[in-house]
Amino acid sequence: MNHTFTLPNSGHNFDAKASKLGMWLFLYTELLLFGGLFLVYMVYRYLNQEAFLEASYELNVWMGGINTVILLTSSMTIAMSITALQKGDKKLSVTLQWITIAAALAFLVIKYFEWGAKFEHGLFPGMEHYNSLPVGERLYYYLYFFMTGLHALHVIVGGVFIMVVIKKVENGSVNQKRYSLLENSGLYWHLVDLIWIYLFPLFYLIH
Amino acid sequence: MDNTNHQEHISSYAELFGTWAALILLTFLTVFISVFGGDLHTLTVAMALFIASVKAAVVGFYFMHLKYDKKMYRLMMTVVLSLFTFFLFMVILDYLTR
Amino acid sequence: MTAATTVEQPNFFQAKRGLFSWIFTLDHKRIGLLYLYSVGSFFLVGLTLGLLMRLELLNPGKDIMEAQTYNQVFTLHGVIMIFLFIIPSIPAVFGNFFLPLMIGTDDVAFPRLNLFSWWLYVLGALFALSTLVFGDGPADTGWTFYAPYSVNTTTNVSLSVMAALVLGFSSILTGLNFIVTIHRLRTPGMGFNQMPLFAWSLYATSWIQLLATPVIGITLLMIFAERTFGVGLFDPSIGGDPILYQHMFWIYSHPAVYIMALPAMGIVSELIPTFAQRTIFGYKAIAYSSMAIAFIGYFVWGHHMFTSGMSGPAAVIFSILTFMVAIPTAIKVFNWVATLYKGSIVIEIPLLFALAFIFNFLIGGLTGLVLGALAADVHVHDTYFVVGHFHYVMFGGTGFAFMGAMHYWFPKIWGKMYNKLWAGIAFAFVFIGFNVLYFPMFILGIMGMPRRYYDYLPEFHPLNMISTYGSWILAAGIVIMIVNLIVSKRKGEKAAANPWNGITLEWQTSSPPPLHNFDKMPELPEGGPYNYPNAKNA
Amino acid sequence: MNASNFVEGVDFSLYLILAISVFFLVGITAVMIYFLFRYRKKNNPVATNISHNNTLEIVWTVIPAILVLIMFWYGWTGYRPMLKAPEDAMEINATGQMWKWTFEYPNGKVSDTLVVPIDEAVKLNLFSKDVLHSLYIPAFRIKQDVVPGSEKMMWFTAQKKGTFDILCAEYCGQLHSYMLSTVKVVDRAEYDNWLAAESSPADEHPGLTLMKRNACLSCHTQDGTRLVGPSLKGLMGKTETVIVDGQEKEITIDREYLLNSIREPNAEIVKGFQPNLMPKLPLTEEELNQIADYIETIK
Ligand code: HEA
Ligand code: HEA
Ligand code: CUA
Ligand SMILES: [Cu+2]
């Protein structure tokens, strides 16, 4: 084609600032997605304060605490991997990303055991024991499974996202000059962390 | 346009580590208050949420780079959060005054 | 092809051919047209359902369908009109096609994401349609899916809410794309305050799409979970509260009405200066009032729940805020009318649609004020008064703006001119039919006829008859319009690149535009986006 | 005289806003049409670019702002009295369930229609057995949603004798538009007589009384017409197809089946009808038997 003229402000150019802005906007929608659940949580906790307290004793503060530490650490490692790539240390960057993924797995394994224990006690919505609980406690467990479940889903998505970035760093399409994708996966991962920062006190630390 | 990332600010490893340490400290603090803090009732909820918000701000400013990014990002975040706070406020107001 | 065209760039229709070059295109113009065809088809389906409803309501008792069918029909009508027609209509069709042209770039910021949004739209539409064939048929809950009925009924609510969820994500991604496009891709020299007002309105709309839609996403997911697990968060038997569902639903769905209205206002802000051939009056007032409407619009959702047993203080705050939204809207209306002052007005079909928009939207908006007043709303809530209100703003407002935009940009999109006589006849039928159809509903509402009624008391009969007759006039008008546009597209006269002497950047390129939109750098008008060089300066 | 104490407040805010609306609608439309002709290209070949005028902008921001505050004020003053019933209001329990209203008076009397004395404050405590409903009396200008799981209330003082419609204004399923009743406003003496009268005439079958009270007849007819539930006419001894756990089964209706389909409505679903619709009602064995006795008599 004899097409010679191109606009300087073309939508087909690589634009680091655009992709970062896009990622932030996406994070806002994620925040409000969880926001809706926090809203439900607030209302039901207000209406059932005693029951929420009672039900929260079933959760294990230590497991939740360890998971918090794991997520915070992984947040640090992914942030460091960006620094590493910015400084040109590709290998360190990849290593730090693998550590992040390992942390994600550890988080999920612990979650698995926590959920497993609840299942055994029949606390999953619809189970027999669940149905015999007082109303407020049922709401608590319902919210617990819904919110931590959705969060766990985000952990998985974030992990996969980072895995993709690792591939791209290794083959060089994400590099010292063009690292938007890594930066965005980092932002996403921090969001996962942010949400957990609130889930932890709201479910585990009721007193 | 902007064909490469030229970032003015690169977070140092030390800064990131320091951020992490602060977060861990705050986590211990919040657990400590809730487990050993005795019967503070609503105060513990407020404390827990306050600490969580401090942690969230630390993550946002340092890990997510808000401190060093353009002002626009902080502005947008503020708008989004105030909006959400208003949602919470109006809904709980309806329940509190029923 | 003649020799002359070989030096020109091929236009975007000619650049590539074949089905796949359309459904996998990354070109924003083609994606806009894909949306036009899909949104347009659903519009017709929705309209036909509306027509059937009016037939059923012609007389009391059964006319053409059973009560259960009627309930499913108005639900499907509402769902299609809201989620498949009006929310994507102007932003996804004309926004996609014209936003990049108007700000002087060659595409949106994320072309692939744009295509993905359209595919999500198709997927959502398929979900919505599949409710027709599975199980007990389409949902019978109303488009609001209020719990607990939506949890108890055996109809296909789960599929419907999944459809709305997927469509919601499509809408979010479009909004995200537009915000980034506007921030990053304006032509050099075009600041925010030199942007066309349509771009401003899309910017405001996009923020609503982005920040309100996730809330309904999660809410519908809760309904879905409740139906799947058999227990849920809104179920009174486990302590859940159906009113909380309503809060969550309207936190999205009120802002959503401004997703529908703002782009339409943007269109009107383009049409009026073009046909008055002078600068828009109060550019900044119109631009910033879009942002103000978007912002205040987040805080008024409670006005849909005044009779739900909401607390007094909450009702007061919601009512005051509802009235506050009217003020920026009023500012817009006054500025539009002032733009006609000392213009040099050329009366063309698009202008007629714009003026009809103002008239209809005034009726719709002003009756909205009645609904916003606490005492009056108690009486007319959930009656035909509300049905009248929202058809006036949605169809009389957004629908008319959509049709106006269709005629305005028709020559730019296809390079042909529509037949003006037939377009005028269609306009007359649509405008008259519309008002005959919906005006009686206000009176019915004040008399106390509730909405979502399959059957009604005898005293409501005469007005319902008039309303149904109106729907036939309207239908005739719509059919004439569609036929005229299709015929004109095939056989119409060739149109000039700038038939209306428009000043925004899309008129600086050829019609239809080339694949990359511009063959040379577009030039910004001197002294402001609407500063017509031919007009005197005051 | 108005039909209720709320008519004045509601109508005032409604018509005040409508009047202001008509003023703006007519005014703006007239100006628009005038400009359209006055500044046509023919009459005004060269346009003038007027970019803005701050005074005008302020004027048309402030005037609507004042007007909407006035609108808000009258809306609020008309609404405020609805929120709280007077202390001495007489209380009646109103229950909504799919497609039927039931009113229960303090002395235990149960009725399908609402009968109230004139000029006395009446408070309705609202309950729902299943989904959302909304009790709407257009003549009285009042409406209140009825929400399962929580108690709502509405009140009014009727000021005019006569019979007025009660409608259901919140969509509640298939026969939403048939969920009608009436309110009858009478003077005190007539009201007392009505209240004291035996609720079910002695010659009515006790089963029928029970069925009326439990709204069976809003879904089942006694004359063979089909509503959402199968008609009860000639049920005994009839053979029909039912669906049990997804399997179709031929059965002959006997007394045991009748009792079971009231006890556990979802266990066996009559073919062609919806499951989950018929409510499970807390009936005693004796009441169950009375109902079954009565159904057997419907020939
Ligand atoms: C395009 C969509 C759209 C738009 C723009 C609006 C605009 C408005 N709406 Fe509407 N509304 C709907 C779509 C829309 N609505 C829908 C779909 C429903 C029903 C949902 C359902 O239940 O199914 C609904 C329902 C609805 C209700 C709930 C009714 C009920 O169920 O009881 C209320 C109550 O306050 C309301 C109010 C308003 C107001 C105050 C505005 C304002 O924004 C209008 C502002 C405009 C003007 C006021 C006109 C211009 C002003 C002037 C010319 C100046 C003069 C003015 C003054 C003196 C102030 N709307
Ligand atoms: C943009 C939104 C939109 C539009 C354009 C319309 C258009 C119409 N609607 Fe609307 N309506 C809604 C959105 C809309 N509606 C919503 C959201 C609800 C609430 C639903 C709920 O309660 O949940 C509603 C509810 C609603 C009701 C209330 C139902 C009830 O409460 O019981 C009624 C009743 O009359 C009605 C009628 C109509 C009619 C007659 C049209 C007419 O405009 C239709 C006129 C018909 C034509 C113009 C047909 C012409 C075309 C053809 C004949 C096609 C030819 C075919 C091919 C070429 C394939 N609608
Ligand atoms: Cu009960 Cu509608
Ligand atoms: Cu609204």
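Here is how names work: the chains are called A, B, and so on, in the same order as the sequence lines, proteins then strands, and each is numbered from 1. Scope of the values below: all heavy atoms of this structure, side chains included, with no hydrogens, waters or symmetry mates.
When the candidates C:Val215, C:Thr187, C:Leu173, C:Leu176 are compared by the number of heavy-atom contacts under 4.5 Å with chain A, C:Leu176 comes out ahead. With chain A as partner, the option from C:Leu221, C:Leu26, C:Asn177, C:Asp235 having the largest number of non-hydrogen pairs under 4.5 angstrom is C:Leu221. Between chain A and the options C:His28, C:Met248, C:Lys520, C:His183, heavy-atom pairs under 4.5 Å are most frequent for C:Lys520. Chain A forms the most heavy-atom pairs under 4.5 Å with one residue out of C:Gly104, C:Ala109, C:Gly217, and that residue is C:Gly104. Note on C:Ile251, C:Leu233, C:Ile216: by heavy-atom pairs under 4.5 Å with chain A, the leading option is C:Leu233.
With a 4.5 Å cut-off on non-hydrogen atoms, C:Thr219 does not touch chain A at all. Both the backbone and the side chain of C:Val180 come within less than 4.5 Å of a heavy atom in chain A. The part of A:Val43 that comes within reach of chain C is its side chain, from C-beta onward, which places non-hydrogen atoms under 4.5 angstrom from that chain. Neither the backbone nor the side chain of C:Ala212 comes within contact range of chain A; no heavy atom of the residue lies under 4.5 Å from a heavy atom of that chain. Proximity to chain A involves both the backbone and the side chain of C:Leu210, based on heavy atoms less than 4.5 angstrom apart. For C:Asp241, the parts lying under 4.5 angstrom from a heavy atom of chain A are both the backbone and the side chain. Looking at C:Ile172, only its side chain comes within 4.5 Å of chain A, counting heavy atoms on both sides.
Ring geometry for A:Tyr188 versus A:Phe26: interplanar angle under 30°, hence parallel rather than tilted (30 to 60°). Ring geometry, A:Tyr204 versus A:Phe200: the interplanar angle falls from 30° to 60°, so the pair is classed tilted.
Residues of residues 30-38 of chain A having a heavy atom under 4.5 Å from any heavy atom of chain C, listed by number: A:Leu32, A:Leu33, A:Gly36, A:Leu37. Residues of residues 190-199 of chain A never come closer than 4.5 Å to chain C when only heavy atoms are counted. Within residues 149-159 of chain A, the residues that have a heavy atom under 4.5 Å from a heavy atom of chain C are A:Leu150, listed by number.
A 4.5 Å side-chain heavy-atom check between A:Gln176 and A:Gln86 finds every atom pair outside the cut-off. Side-chain contact between C:Val166 and C:Phe169 is absent, with no heavy-atom pair separated by less than 4.5 Å. A heavy-atom distance below 4.5 Å is not found between the side chains of A:Met147 and A:Leu202. Side chains of C:Pro242 and C:Phe234 form no contact here, defined as non-hydrogen atoms less than 4.5 Å apart. Looking only at side-chain heavy atoms (C-beta outward), A:Glu50 and A:Glu137 stay at 4.5 Å or farther from each other. Counting heavy atoms from C-beta on, the side chains of C:Pro100 and C:Asn517 come closer than 4.5 Å. The shortest side-chain heavy-atom distance between A:Glu58 and A:His121 falls under the 4.5 Å cut-off. Side-chain atoms of C:Thr174 and C:Ser171, non-hydrogen and from C-beta on, never get closer than 4.5 Å to each other.
With 3.5 Å as the limit, one finds no donor-acceptor pair spanning the side chains of A:His12 and C:Asp106.
Of the charged side-chain nitrogens involved, at least one lies within less than 4.0 Å of a carboxylate oxygen, so that C:Lys29 and C:Asp27 count as a salt-bridged pair. Looking at A:Glu183 and A:Lys20, a side-chain N of the basic residue comes within less than 4.0 Å of a carboxylate O on the acidic one, giving a salt bridge.
The neighbour count for C:Phe13 CZ, taken as heavy atoms of other residues, nucleotides or ligands under 6.0 Å away, is above 12.
Taking the six-membered ring for Trp, C:Tyr203 and C:Phe192 have ring centres closer than 6.0 Å. Separation of the A:Phe145 and A:Trp115 ring centroids falls under the 6.0 Å cut-off. Note: A:Tyr140 and A:Phe203 meet the aromatic proximity criterion, with ring centroids under 6.0 Å apart.
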*For A:Trp189 and A:Ser74, run side-chain hydrogen bond (donor to acceptor under 3.5 Å, both in side chains): C-alpha distance rounded to whole Å, both residues' side-chain angles, the deciding distance at 0.1 Å, then the answer.*
CA-CA 9 Å; A:Trp189 191 253; A:Ser74 71; 2.8 Å; yes
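By the side chain to side chain donor-acceptor pair (under 3.5 Å) test, A:Ser19 is found to be paired with A:Ser180, residues two or more places apart in sequence or in another chain being considered.
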